[in-house]
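Numbers here simply count residues along the sequence, with the first being 1. One-based numbering, in listed order, for ligands and for the atoms of each. Bear in mind that the values here come from a model prediction, so they are computed numbers and not experimental data.
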Amino acid sequence: MQPTLLVMKFGGTNMGDSAAIRHSASLATRSLREGVKVVVVVSAMAGVTNQLLKLADAAQAGDIAAANDEIAAMRTRHFTAAQELGAAPDSAAVREIREMHETLRQAAYGVYLLRELTPRSRDLIVAFGERLSAPLMSLALEQGGQRARHLTGGEAGILTDTNFGNAKPLPGTYARVGDRLSGFLSAGVTPVVSGFMGETEKGAITTLGRGGTDFSATIIGKALHADEVWAWKDVDGVMSADPRVVKDARNIEVLSYGEVMELAYFGAKVLHPLAVTPLQDSGIPLRVKSAADPDFPGTLVQAAAHDESGHPVKAVTAIRNVSLVTVSGAGELGIPEVVSGVFNAISRENVTLLMVSQSSSMSNVSLAVPSSDAERAIRALRAGLPQELRVEEQSGVAVLAIVGSGMRGQKGVSAKLFKALALADVNILMISQGSSELNISVALDGAQVDDATRSVHAAFDLGGGEAAGV
Ligand SMILES: Nc1ncnc2c1ncn2[C@@H]1O[C@H](COP(=O)(O)OP(=O)(O)O)[C@@H](O)[C@H]1O
Ligand SMILES: N[C@@H](CC(=O)OP(=O)(O)O)C(=O)O
């Protein structure tokens with residue numbers, strides 16, 4: 001059945017330069033020409049988010065020259081793209097891009113003067129990537145004969161909490177986005193929304209976490225009761241492993257919302273971990289599609305885990321740069337008290353907890369956390385737990401996970417995983433399986449993670465061909 005309304009998200013690679021933007025606009029235009037209404041959601045040009053984070057750090061460290069160099073390089077890129085997309089030097093689009101760069105320069109200068117970079121000011125700076133790419137997409141759509149209007153996430157109605165850097169939409173968002181965007185759609189104007197961001201009730205810009213443009217698109221999809229949300233990518237779809245690591249990784253045709261969340265949580269960079277959450281109650285499907293091969297069906301993410309693949313395990317993923325933080329000596333104090341102290345400390349600090357395990361002798365509790373969170377976690381644990389407990393870190397760890405709803409109730413899956421890891425000469429540091437049986441995760445030496453991924457991928461026959469069964 002022909003859809004009537006689609007939300008289309010274009011990531012950094014698909015916004016990388018004028019040619020990529022023009023191609024992305026043509027993908028939206030294809031549907032518009034068929035009479036489908038489209039809301040376009042864009043990421044920053046590839047690499048720009050990292051540049052913005054870098055320049056914010058440089059300004060805080062007192063190196064304003066380095067920050068300004070970074071801004072100058074970005075400015076050239078945005079102006080070149082605008083010009084190549086047909087914008088005259090005195091056009092409104094070029095003026096707007098110039099003004100945004102000026103505001104960015106002032107924001108960086110403020111950070112430099114204060115030598116202070118708060119999560120709030122970091123969000124203001126980092127959101128310029130998406131704000132600057134939206135006018136470029138509008139230009140490309142207009143060049144293709146469409147009417148378009150670009151908006152920031154806040155202007156589009158995305159209202160969030162004040163958790164800068166990792167903000168979540170407030171319940172009022174959905175009605176607000178509906179109100180703000182439906183007028184454009186009924187007037188035949190395609191809204192182009194800057195992804196990755198929202199704003200607080202007071203109007204301060206927030207960001208939704210790395211990769212958050214996927215999340216923006218699904219928030220908008222839910223708000224407008226879209227038929228589907230399409231996330232255009234530089235890969236065929238969600239694959240059985242990161243194709244950069246496993247050469248014969250293959251596209252997965254159908255995944256449930258739950259499976260995709262596990263995959264994203266355990267490191268598959270292809271989607272934001274919360275991206276499907278707005279779609280879950282409405283049942284709106286998400287399609288991950290290849291911009292290079294638009295007729296390829298890609299991956300359909302939907303409610304029912306209708307699965308004819310015969311693969312109990314659908315994918316293997318990995319998170320790098322993990323630390324194991326171990327609290328020992330718990331046996332003498334009683335494990336429930338220690339565990340509650342550990343969780344309280346961790347939750348106060350908003351640390352991402354990847355795995356938890358408790359030794360059977362009850363003498364220690366181990367946590368796997370991103371290494372970037374480890375120092376904060378350790379500080380909070382030392383402050384919040386009795387002094388006789390030891391808190392130690394082991395860095396350079398990775399977490400590998402296998403994911404698939406078909407492993408529920410299946411015997412032999414973990415045996416096969418452990419055999420594959422042994423074949424790759426991997427020593428397992430920690431093991432966990434949730435009761436939902438959607439995944440099994442193991443912590444291992446980070447240096448071995450690529451070999452381990454390839455070995456596990458081969459053992460479960462994920463690279464095409466028939467399922468081996470377990
Ligand atoms: N299981 C996976 N399936 C597909 N891509 C994956 C997977 N794991 C990691 N990736 C990586 O994610 C990248 C796509 O995500 P990303 O670059 O964030 O998309 P975009 O910016 O286009 O939205 C791919 O280039 C791929 O290397
Ligand atoms: N630009 C942001 C948000 C985003 O979603 O990007 P991408 O779609 O390129 O993953 C980031 O790099 O995190």
Inset, instruction - Flag yes if more than 12 heavy atoms outside E253 fall under 6.0 Å of its CD atom; otherwise flag no. - result: no

Legend entry - Ligand-residue contact atoms, ligand 2 with R210, heavy atoms, under 4.0 Å: 11 (C), 12 (O), 13 (O)

Inset, instruction - Please check if atom CZ in F296 has more than 12 non-hydrogen atoms from other residues, nucleotides or ligands closer than 6.0 Å. - result: yes

Inset, instruction - Answer with yes or no whether G12 contacts ligand 1, where contact means a heavy atom under 4.0 Å from a ligand atom. - result: yes

Legend entry - Residue, atom name and distance, where the atom is the protein heavy atom closest to atom 14 (C) of ligand 1: D234 OD1, 3.6 Å

Legend entry - Sub-4.0 Å atoms of ligand 2 with respect to non-hydrogen atoms of K9: 8 (O)

Inset, instruction - Under 4.0 Å, heavy atoms only, figure out whether ligand 1 is touched by the backbone of A46, its side chain, both or neither. - result: neither

Inset, instruction - Number the atoms of ligand 1 from 1 as they appear, then name those within less than 4.0 Å of a heavy atom of R244, with their elements. - result: 11 (C), 27 (O)

Inset, instruction - Could you tell me whether R120 and D123 have a side-chain N and a carboxylate O separated by less than 4.0 Å? - result: no

Legend entry - Residue-ligand contact S240/ligand 1, heavy atom below 4.0 Å: no

Legend entry - side chain to side chain contact (heavy atoms under 4.5 Å, CB included) between I431 and I428, worked out: CA-CA 7 Å; I431 303 167; I428 298 171; 3.6 Å; yes

Inset, instruction - Number the atoms of ligand 1 from 1 as they appear, then name those within less than 4.0 Å of a heavy atom of K269, with their elements. - result: 8 (N), 9 (C), 12 (O), 15 (O), 18 (O)

Legend entry - Atom CG of D281: over 12 foreign heavy atoms under 6.0 Å: yes

Inset, instruction - Can you spot which of V397, L354, V369 makes a side chain to side chain contact (heavy atoms under 4.5 Å, CB included) with L324? - result: V397

Inset, instruction - Check K269 against ligand 2 and report side chain, backbone, both or neither, counting heavy atoms closer than 4.0 Å. - result: neither

Inset, instruction - Within a distance under 4.0 Å of any heavy atom of V238, pick out the atoms of ligand 1 and give their elements. - result: 3 (N)

Legend entry - Carboxylate-amine/guanidinium proximity below 4.0 Å for D461 and K416: no

Inset, instruction - Would you please classify the geometry between the F215 ring and the H272 ring as parallel, tilted or perpendicular, with 30° and 60° separating the classes? - result: parallel

Legend entry - Ring geometry between H78 and H101 (parallel below 30°, tilted from 30 to 60°, perpendicular above 60°): tilted

Legend entry - Whether G212 lies under 4.0 Å from ligand 2, heavy atom: yes

Inset, instruction - Please indicate whether any nitrogen or oxygen in T213 is less than 3.5 Å from any nitrogen or oxygen in ligand 2. - result: yes

Legend entry - T190 (side chain) donor-acceptor with A148 (main chain) under 3.5 angstrom: no

Inset, instruction - Measure the distances from the heavy atoms of H272 to every atom of ligand 2 and state whether one is below 4.0 angstrom. - result: no

Inset, instruction - Heavy-atom distances under 4.0 Å are what count here, so tell me which part of D242 touches ligand 1: side chain, backbone, both or neither. - result: both

Inset, instruction - For atom 5 (N) of ligand 1, grab the closest protein heavy atom and report residue, atom and distance to one decimal in Å. - result: V270 CB, 3.5 Å

Inset, instruction - Looking only at distances, please establish whether an N/O atom of ligand 1 is found under 3.5 Å from an N/O atom of N14. - result: no

Inset, instruction - Pull out every atom of ligand 1 sitting under 4.0 Å from any heavy atom of A241, numbered as shown with elements. - result: 1 (N), 2 (C)

Inset, instruction - State the atoms of ligand 2, each with its element, that fall below the 4.0 Å cut-off from a heavy-atom position in G11. - result: 8 (O), 9 (O)

Inset, instruction - Answer yes or no: is there a donor N or O on one side and an acceptor on the other, between the side chain of T29 and the main chain of A25, under 3.5 Å? - result: yes

Legend entry - Minimal non-hydrogen separation, N14 against D234, with atom names: ND2-N, 4.3 Å

Inset, instruction - Please check if atom CD in E102 has more than 12 non-hydrogen atoms from other residues, nucleotides or ligands closer than 6.0 Å. - result: yes

Legend entry - Closest heavy-atom pair and its distance - E130, V42: CG-O, 3.4 Å

Legend entry - Residue and atom name of the nearest protein heavy atom (relative to atom 10 (O) of ligand 2), distance in Å to one decimal: G211 CA, 4.0 Å

Legend entry - G129 near ligand 2 by a heavy-atom separation under 4.0 Å: no

Inset, instruction - Looking only at non-hydrogen atoms, find the nearest pair between K37 and L185 and report the distance. - result: NZ-O, 3.3 Å

Inset, instruction - Consider every N or O of F196 and every N or O of ligand 2, then say whether any pair is closer than 3.5 Å. - result: no

Inset, instruction - Tell me which protein heavy atom sits closest to atom 1 (N) of ligand 1, plus the residue, atom name and distance to 0.1 Å. - result: M239 O, 2.9 Å

Inset, instruction - Just jot down the ligand 2 atoms closer than 4.0 angstrom to any heavy atom of T49, in number order. - result: 1 (N), 2 (C), 11 (C), 12 (O)

Inset, instruction - From the options I64, I71, V111, D69, select the one residue that forms a side chain to side chain contact (heavy atoms under 4.5 Å, CB included) with L55. - result: I71

Inset, instruction - Check whether any N or O atom of G209, backbone or side chain, sits under 3.5 Å from an N or O atom of ligand 2, and answer yes or no. - result: no

Legend entry - Residue and atom name of the nearest protein heavy atom (relative to atom 9 (O) of ligand 2), distance in Å to one decimal: G12 N, 2.9 Å

Legend entry - Atoms of ligand 1, numbered as shown, that sit under 4.0 Å from any heavy atom of K9: 20 (P), 23 (O)

Legend entry - N or O pair under 3.5 Å between S43 and ligand 2: yes

Inset, instruction - Please could you name the atoms of ligand 1 that G237 approaches to less than 4.0 Å, counting only its heavy atoms? - result: 3 (N), 4 (C)

